[in-house]
2 protein chains.
Amino acid sequence: MVSLAERPGTGYEIGQQFTRSIGHFWSATHQQIYRTLKKLHTEGLVTFESVPQDGRPDKKVYQLSDSGRKALREWVESPVEPYHLRDELSVKLRAAEHGDPRVIIEEMRRHREIHTARLRLYQEFEKDDYPDPSVLTGRRLNQYLVLRGGIAVQTAFLDWCDEVIDALQARLPHN
Amino acid sequence: MVSLAERPGTGYEIGQQFTRSIGHFWSATHQQIYRTLKKLHTEGLVTFESVPQDGRPDKKVYQLSDSGRKALREWVESPVEPYHLRDELSVKLRAAEHGDPRVIIEEMRRHREIHTARLRLYQEFEKDDYPDPSVLTGRRLNQYLVLRGGIAVQTAFLDWCDEVIDALQARLPHN
DNA sequence: GTCCGCATGTAACTTGTTACATGATTTA
DNA sequence: TAAATCATGTAACAAGTTACATGCGGAC
């Protein structure tokens, strides 16, 4: 599963991270996080300290153990399954002959808008957080490169939406 | 789930389709297919005829029922969750500081090669099967557009791999 | 007085993967 | 004689989603 107990934190804080930056490339619900943390704990890869709080239930501040750090390094250096696209929109497009073309075009437009918004967001991150990429090293460089990947994919998707909309539109009868 | 019982066929034949064309955008194992077919059957969306064969077990030739065709049209016209990237390689890159940079670069190169090969394959499909896209309509057009999406994403991924390899390489010490 | 943020969890369900099992025919 | 192709399935597991549950403090 996941391993962003790189810096100590609570399950909730990890969830925050997912909804922010890294969540654009890998998401998880809080239930998944808590389950995973529990599992990692039984495997001895993380330790935690219960921090009592006024009123609220205890916080569990998790931290990587030595064996956890070792496991993380091994995971990072191990090969990954090459990325495999799994896009429902493509499947629908393929089956589009069974539906109203105008509805499909409308749906493609909707996706186009969503990907445009995401792309804009990523480009703002890029401009604000990494004004000069040539000086980046280490963690910051890696974060930047991941963001660049997001920009590349969103751009490709957006261009594809345009191509599809144009092609379908051109085949509409009265127009 | 899936709905490519568009034309009648056996579970096995559907599996073949997945390993060929559409499998590049949505894959399923044969177990999943059989389970789904069984479910669709209990829901009355498909019917089948058992065709006895010499030696081999019976073939089950599935076909969409009227309500299945209706459900398919509804599915095609219903909105989809916008595509969400889920790429483990990006997560690893983000955590790359915990591993040997040369191992990471090697892994990126491996992915680069895989995506290059896929892109070449798709481009061959494009050249051989759709020499003149401007005349396409209906099902063939949709198939072509899906293929174009695959090309777009593979190209983007490939370019990203190059960018990452270059950036990481430039930061290696002795070199 | 109701919603939002912090903080954690259980339970049930759906989806997807892996392993195992059968058994004939054709190809190398 | 070993493998690949055709053709179907059961069982167990892993991963991911959705619903439900608790409970305080602060903002509106």
Side-chain angles (χ1 to χ4, degrees), chain A residues 1-5 8-20 22-43 45-63 75 80-88 91, chain B residues 1-5 8-20 22-43 45-63 75 80-88 91:
Chain A
M1 287 217 88
V2 228
S3 89
L4 281 177
T10 69
Y12 187 84
E13 283 164 0
I14 296 172
Q16 294 303 302
Q17 286 230 321
F18 271 112
T19 62
R20 289 195 233 293
I22 195 71
H24 297 287
F25 310 96
W26 196 278
S27 60
T29 57
H30 75 279
Q31 293 81 351
Q32 251 192 92
I33 293 163
Y34 289 125
R35 233 196 312 177
T36 306
L37 283 173
K38 195 180 277 182
K39 199 181 150 211
L40 291 176
H41 186 242
T42 64
E43 287 167 359
L45 302 180
V46 295
T47 57
F48 68 86
E49 256 186 300
S50 282
V51 178
Q53 293 186 115
D54 42 317
R56 301 201 185 86
D58 287 6
K59 238 197 233 202
K60 287 184 187 169
V61 179
Y62 284 92
Q63 198 165 3
W75 175 77
V80 200
E81 266 301 289
Y83 173 63
H84 196 209
L85 190 61
R86 205 142 212 284
D87 176 34
E88 208 181 326
V91 181
Chain B
M1 289 214 89
V2 227
S3 89
L4 280 176
T10 69
Y12 187 83
E13 283 164 0
I14 296 173
Q16 294 303 302
Q17 286 229 323
F18 272 114
T19 63
R20 289 196 233 294
I22 194 69
H24 296 288
F25 310 95
W26 196 279
S27 59
T29 58
H30 76 278
Q31 293 80 352
Q32 249 192 93
I33 293 164
Y34 289 125
R35 234 198 310 177
T36 307
L37 283 174
K38 196 178 278 180
K39 199 182 150 212
L40 291 176
H41 186 242
T42 65
E43 287 167 359
L45 303 179
V46 295
T47 56
F48 67 86
E49 256 186 300
S50 281
V51 178
Q53 294 186 116
D54 40 318
R56 298 199 187 87
D58 286 5
K59 238 195 228 199
K60 286 183 188 170
V61 180
Y62 285 92
Q63 198 166 1
W75 175 77
V80 199
E81 267 301 288
Y83 173 64
H84 196 207
L85 191 61
R86 204 145 213 282
D87 175 34
E88 207 181 326
V91 181

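Order of the sequence lines sets the chain letters (A, B, ...), proteins ahead of strands, with each chain counted from 1. What you see below is based on every heavy atom in this structure, not just the backbone, and it leaves out hydrogens, waters and symmetry mates.
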Tabulate below the donor-acceptor pairs under 3.5 Å that side-chain atoms of residues 10-19 of chain B make, not counting sequence neighbours, or state none.
unit_1, atom_1, unit_2, atom_2, d
Thr10(B), OG1, Tyr12(B), N, 3.4
Thr10(B), OG1, Glu13(B), N, 3.1
Tyr12(B), OH, Gln16(B), NE2, 3.4
Glu13(B), OE1, Thr10(B), N, 3.1
Thr19(B), OG1, Gln16(B), O, 2.8

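Over its full length, the helix from dG1(C)-dC28(D) to dA28(C)-dT1(D) turns its helical axis through 30°, comparing axes from the five pairs at each end and rounding to 10°.
Distance CG/Leu40(B) to OG1/Thr47(B): 11.5 Å, rounded to 0.5 Å. Put simply, CG on Leu37(A) and CG on Leu45(A) are 11.0 Å apart, with the number rounded to the nearest 0.5 Å.
Rounded to whole Å, the distance from CD on Gln32(A) to P on dG16(D) is 5 Å. Atom-to-atom, CD of Glu13(A) to C1' of dA7(C) comes out at 10 Å; the value is rounded to the nearest Å. Going from atom CZ of Phe18(A) over to atom P of dA7(C) covers 18 Å, rounded to whole Å. The interatomic distance linking Ile33(B) (CD1) with dG9(D) (P) rounds to 12 Å, in whole Å. Across the protein-nucleic acid pair, His84(B) atom NE2 and dT15(C) atom C1' stand 18 Å apart, rounded to whole Å. What separates OH of Tyr12(A) from C1' of dG23(D) is a distance of 14 Å, to the nearest Å. Taking atom NZ of Lys39(B) as the reference point, atom P of dG16(C) lies 10 Å away to the nearest angstrom. Taking atom NZ on Lys59(A) and atom C1' on dG9(C), their separation rounds to 17 Å, with Å as the unit.
Considering only the side chain of Trp26(A), dG16(D) comes nearest among dT8(C), dC6(D), dG16(D). You'll find that the side chain of Lys60(B) is closest to dG9(D), out of dA7(D), dG9(D), dG16(D). Checked against dT17(D), dG9(D), dT8(C), the side chain of Thr29(A) finds its nearest nucleotide in dT17(D).
Applying the side-chain contact (heavy atoms from CB on, under 4.5 Å) criterion to Arg35(B), with sequence neighbours excluded, gives Gln32(B). With sequence neighbours left out, the ring pair (Phe, Tyr, Trp, His ring centres under 6.0 Å) criterion links Phe25(B) to no other residue. Looking at residues two or more places apart in sequence or on another chain, you find no ring pair (Phe, Tyr, Trp, His ring centres under 6.0 Å) involving His84(A).
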Under 3.5 Å, which N/O atoms of the protein pair with N/O atoms of nucleotides 10-13 of chain C?
unit_1, atom_1, unit_2, atom_2, d
dT10(C), OP1, Lys38(A), NZ, 3.2
dT10(C), OP2, Lys38(A), NZ, 2.9

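For the pair Thr10(A) and dC6(C), the criterion of a side-chain N or O lying under 4.0 Å from OP1 or OP2 is not met.
If you check every strand for non-hydrogen atoms under 4.0 Å, Gly15(B) touches nothing.
Within 6.0 Å of CD on Glu49(A) lie no more than 12 heavy atoms contributed by other residues, nucleotides or ligands.
Residues Trp75(B) and Val91(A) form a side-chain contact, since some pair of their non-hydrogen atoms from C-beta on lies under 4.5 Å apart.
Ring geometry for Tyr62(A) versus Phe48(A): interplanar angle of 30 to 60°, hence tilted.
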